[in-house]
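Because the structure is predicted, anything quoted here is derived from the model rather than measured. Here is how names work: the chains are called A, B, and so on, in the same order as the sequence lines, proteins then strands, and each is numbered from 1.
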There are 2 protein chains.
Amino acid sequence: MKVLIVEDDPLHRSYLHEAVNAALPECDTVIEAENGTVGEKLARDHKSAHIVMDLQMANRNGIEAARTIWKERPETRILFWSNYSDEAYVRGVSRIVPDGAAYGYVLKSASDERLKLALRSIFIESQCVIDREVRGLQQKSLGQTNGFTDSEYEILVDIALGLTDRAIAKRRGLSLRSVQNRLQQLYDKLDVYQSAGDDHEDGRFNLRARAVTVAFLRKLLNYSALERAEAELQEWLDGK
Amino acid sequence: MKVLIVEDDPLHRSYLHEAVNAALPECDTVIEAENGTVGEKLARDHKSAHIVMDLQMANRNGIEAARTIWKERPETRILFWSNYSDEAYVRGVSRIVPDGAAYGYVLKSASDERLKLALRSIFIESQCVIDREVRGLQQKSLGQTNGFTDSEYEILVDIALGLTDRAIAKRRGLSLRSVQNRLQQLYDKLDVYQSAGDDHEDGRFNLRARAVTVAFLRKLLNYSALERAEAELQEWLDGK
DNA sequence: CAACAAATTGCGGGTTTACGCAAGACGGCG
DNA sequence: CGCCGTCTTGCGTAAACCCGCAATTTGTTG
């Protein structure tokens, strides 16, 4: 059995290495990659079916790497080991996991025990292991209660990218007015009004920009999500 | 001699601990804090004049902690040890360092040697040590060449927060038109036009929102900067 | 002090946003 | 099939935004 570790940080990498050795005596080879790009390549070369990966990496982040890896071999088992449980990450991950694939999401703050348990559950028992905290977000995010629908999230991303209403309409195949409707819906949910027109016509916000900021502060968006969205946008622009 | 370590990540913390022991035999006590809040408290209690600190911490980030520490004791020597050299961080740090204070900025990717050297230079020799890469940003940022003026940066932050032109004018004591002038200046420098009105009146951007995104992608802004700016904004709003 | 560049402000107008109102369109469900 | 809620669309308006033009103010330099 082979395990591939994809992780930026040398200290974390060697910690993972030890954890894998300790948790999986049946594992005879451990390979290391220091960023997403190398990770993809090694996964391909070694046809390794067992991967532990960080999400936030400078060169190519975990979500992108996982996507291409899963595209090539959907049965690959991946354990995401991340510092953060931003909704943006959680949403990003659940968007790309193939049907029926075994995967995991464990926070770096988890104990050694938890990590080792997760390693065994996923790689040996093929079970999904999602950190409690992450799980909470996931439900809130996918279920409609208090969370954001896909269409709301979509518009959020579009205005975050800086598209005009018209451009969004064109991109998503909607009328101008529909786009604006969804925007209002978004503004509602993000509570952009609250602090806004409070009393005087004094300290009012620009709703569009404010929405993006609020989403950022709430971790609904983060750098990595923006980066991916920007790449998709460029693709779309090129494709006409 | 006492050294205080302020760092989120347990692995990095113990690595730092060892590095301090190795580089500074004259250091007899090492104290550890796992976030900015605790860091401030320990710095106060121990009157420790030598601090190694991470910038990105969940609870209270390094810049905020450093600011209050330096406010209380400006002669404190602080070595920032960070993963990133985002312009937002560099700018944030140089904004708060007291006149003549000895401080350092070393990237986590630096070698053990570099870290140890920096520790000795700052804590023993009272010399500033700024990582080469960071230094580059600093010059570009402070010198006007290709970089952003303070006023440009200020407006950038203001629109990122989601303020309207009018609100910005009020906050900064400017006329509406001046605010808009600065905005145009900002749009220019950020190259927001380039990808914008390219050819058809087709895929146009909302300049205001686009500017923020571009700034984010260029690391001119980051989460921590936004967070700080938002706090300042709230303060201002309360203060009327 | 004169001279000149940079920043501030006002005016005016073309666009884009935000959003109420109301008429379809689509999708279950009894 | 008819009822009803959600989504989409069009029309219209007030406000906000982007920005060219031009008069001032401010700051700097010889």
Ile159(A) has an atom CD1; how far is it from atom P of dT16(C), in whole Å?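 Roughly 17 Å, once rounded to whole Å.
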Nearest-Å distance for atom pair CZ/P, residues Phe205(A) and dA18(C):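 Roughly 15 Å, once rounded to whole Å.
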[X] side chain to [Y] side chain, donor-acceptor N/O pair below 3.5 angstrom:
| X | Y | result |
| --- | --- | --- |
| Thr149(B) | Glu152(B) | yes |
| Asn206(A) | Thr164(B) | no |
| Gln138(B) | Arg135(B) | yes |
| Gln127(A) | Ser121(A) | no |

Angle of first-five versus last-five pair axes in the helix from dC1(C)-dG30(D) to dG30(C)-dC1(D), to 10 degrees: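 If I round to tens, the end axes sit 30° apart.
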Would you say dT17(C) has OP1 or OP2 under 4.0 Å from some side-chain N or O of Asn206(B)?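 Answer is yes, contact under 4.0 Å.
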Within 45 degrees of the axis of the six-membered ring of [Y] and under 6.0 Å from its centre: does [X] put its NZ or CZ there?
| X | Y | answer |
| --- | --- | --- |
| Lys219(B) | Tyr89(B) | no |
| Arg91(A) | Tyr153(A) | yes |
| Lys108(B) | Tyr84(B) | no |

So Trp70(B) and Tyr103(B), do their side chains get closer than 4.5 Å, heavy atoms only?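 Side-chain contact under 4.5 Å: yes.
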Establish, yes or no, whether a centroid distance under 6.0 Å links the rings of Phe216(A) and Phe216(B).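 Centroid distance Phe216(A)-Phe216(B): below 6.0 Å, so yes.
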First-last contacting nucleotides on DNA chain D - partner chain A, under 4.0 angstrom, heavy atom: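 Range of nucleotides touched by chain A: dT8(D) to dC17(D).
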Between protein and nucleotides 7-15 of chain C, map the contacts as a letter string: B base, S sugar-phosphate only, - none, heavy atoms under 4.0 Å, written 5' to 3'. -BBBB----
Check for a donor-acceptor pair, side chain of Arg77(A) on one end and backbone N or O of Phe123(A) on the other, with a separation under 3.5 Å.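 Yes; judged by distance alone, with no hydrogens or angles, the pair exists.
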